[in-house]
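For reference, the structure discussed in these notes is given below.
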Amino acid sequence: MRAPGVGFVPPPYPHDRLAELRAVAGAVPGGLVDCSVGTPVDPMPEIALRALRDTAAAATGYPATLGSPVFRAAAAAWIERRFGCVVSPEHVVACIGTKELVASLPRALGLRDPSRDTVLYPAVAYPTYAMGAQLAGLRAVPVPVDDQWQLDLSRVTEADAERALLLWLNDPSNPTGVVASPEAMVGSAAWARDRGIVVASDECYAEFTYDQGGESVPPVTVLAAGAHGVLAVHSLSKRSNMAGLRAGFVAGDAELVAYLGEMRKHAGLMISAPVQAAAAAALADDDHVGEQQRRYARRQAFAVPAFEATGLCADGGPSTFYLWLRDGAGVRDGWAVAADLAATGLLVAPGEFYGDAGRQHVRVALTVTDEQLALACGRFPE
């Protein structure tokens, strides 16, 4: 219980808690291989770099908060091409990456409907879903997942459902790599609609949806359920290795998108014009994405047997570029596994960062070069 007059105190940022393990891993001969954060290392597409160069000199004025017509049209065209869902460019709004949207959406929706005070999110998930609720002064309530890491909405209490303002979905899932079936995604949207809950689906890893053999397969989207009451959230960070440029967008329900756009105008949340041009160019090109899909599939095929040889089990789905691992003997929790891997020079994220239900796991990001991955796996004990 907080003392009177004491406001919100931010908890330690999850990856800041890895300082000791980082020091251990960094002292290993050959140096640290950091697989704890999913930050891209592969090249940005040349088509995006060219657009940046060609537009930077003219970017003397303020950029369009909602997104330039070219950027919004490119996003809508990509949605139709990738998912087969038609969205008007007017129902797309630019975001500065998508983490800021994830963190700020509960606050925006809470101002729109102050009668509800609860954000629902998967019990094993990206921690910003819960943090966004806390930053908005709302309740963050995890939705249990089943033994396949799929959302189990039947276990949400009626009391929480009545208070719920927002339901977060995430497919493919960070950190587990699982993907909901199209039927399950549509069912989740229907469940929320019946209760007046806005659905926000974080689909930032959609381009990295794989089958068990590592072949790219079509992704799912909440927009397949129709746009009413739903928002699909996308980013160029992983798709096009543009994390450093901060470009994304939200699309879906016309009224919700318009509301968010007006709020963002007042808050001055704008992507620079050259970045919008680069993002539009990247969204219009699929060739570089196919190359990146193959890179991650190749790294996954290399890494999984190496980790399994150390006694770890791959316990998630085949999608994204994350491995969700646990001790096959069931003896070590995620922190113990992370400590053992740090002793070999490899830094990974304990599963507890993603919720209590992930305590027995670690997440390994394959956002390292092939050479770094080979170095890390080559140092595992025999």
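- Counted within 6.0 Å of OH on Y13, heavy atoms from surrounding residues, nucleotides or ligands total 12 or fewer; the atom is thus considered open.
- R107 CZ: 12 or fewer foreign heavy atoms inside a 6.0 Å radius.
- There is a side-chain donor-acceptor pair under 3.5 Å between S240 and H288.
- In this structure, the side chains of Q372 and T367 stay at 4.5 Å or more apart for every pair of heavy atoms.
- W191 and V199 fall within a single hydrophobic cluster, where Ile, Leu, Val, Met, Phe, Trp and Tyr are joined by side-chain heavy atoms under 4.5 Å apart, directly or via other members.
- A side-chain hydrogen bond (donor to acceptor under 3.5 Å, both in side chains) with R246 holds for exactly one of S272, S235, S237; it is S237.
- Partners of F380 by ring-ring contact (aromatic ring centres under 6.0 Å, His included), not counting sequence neighbours, listed by chain and number: F307.
- Checking V233, T98, T221 one by one against E203, the side chain to side chain contact (heavy atoms under 4.5 Å, CB included) holds for a single residue, T221.
- Here the closest heavy-atom approach between residue G261 and residue V93 is recorded as CA-CG2, 4.2 Å.
- Using a cut-off of 4.0 Å between Lys/Arg side-chain N and Asp/Glu carboxylate O, R112 and E255 are scored as salt-bridged.
- Of the N and O atoms on the side chains of D327 and Q360, not one donor lies less than 3.5 Å from an acceptor on the other residue.
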Practice item. Could you walk me through whether Y205 and Y322 pass side-chain hydrogen bond (donor to acceptor under 3.5 Å, both in side chains), step by step? Key: CA-CA 10 Å; Y205 301 96; Y322 296 121; 3.2 Å; yes
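- If you chain together ILVMFWY residues whose side-chain heavy atoms come under 4.5 Å of each other, F353 ends up grouped with L18, L21, L32, V124, V145, W149, V178, W324, W335, L347, Y354.
- Two residues are said to be in side-chain contact when any heavy atoms from C-beta on lie closer than 4.5 Å; L236 and R239 meet this criterion.
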Review point. Is there a salt bridge (Lys or Arg N to Asp or Glu O under 4.0 Å) between E158 and R163 once you walk through the steps?
Key: CA-CA 9 Å; E158 283 303 315; R163 297 173 65 174; over 6 Å; no
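- Counting non-hydrogen atoms of other residues, nucleotides and ligands closer than 6.0 Å to NE2 of H228 gives a total of 12 or fewer.
- If you chain together ILVMFWY residues whose side-chain heavy atoms come under 4.5 Å of each other, V28 ends up in a group of its own.
- Residue pairs meeting the ring pair (Phe, Tyr, Trp, His ring centres under 6.0 Å) criterion with at least one partner in residues 86-111, sequence neighbours excluded, are absent.
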Pairs of donor and acceptor atoms involving the side chains of residues 70-78, under 3.5 Å and at least two apart or interchain, shall be tabulated with distances.
residue	atom	partner	partner atom	Å
R72	NE	P89	O	3.2
R72	NE	V92	O	2.7
R72	NH2	E90	O	3.0
R72	NH2	V92	O	3.0
W78	NE1	E207	OE2	2.9

Table please: side-chain donor-acceptor pairs of residues 50-66 below 3.5 Å, with sequence neighbours left out.
residue	atom	partner	partner atom	Å
R53	NH2	E46	OE2	2.7
T55	OG1	A51	O	2.7

Point to revise | Test log, rule salt bridge (Lys or Arg N to Asp or Glu O under 4.0 Å), inputs D160 and R139 | key: CA-CA 10 Å; D160 284 335; R139 299 170 69 234; 3.0 Å; yes
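- Under the 4.5 Å side-chain criterion, counting only non-hydrogen atoms from C-beta, M185 is in contact with D171.
- In summary, of the residues considered (V198, I197, L138, L105), a side chain to side chain contact (heavy atoms under 4.5 Å, CB included) with L165 occurs for L138 alone.
- With hydrophobic clusters built from ILVMFWY side chains whose heavy atoms lie under 4.5 angstrom apart, I79 shares a cluster with V220.
- Connection of L260 to F249 is not established within any shared hydrophobic cluster, with ILVMFWY side chains joined at heavy-atom distances below 4.5 Å, either directly or through further cluster members.
- Using a 4.5 Å heavy-atom cutoff, the side chains of E80 and V87 are not in contact.
- Under the 30°/60° scheme for interplanar angles, the aromatic rings of Y129 and Y126 are found to stand perpendicular.
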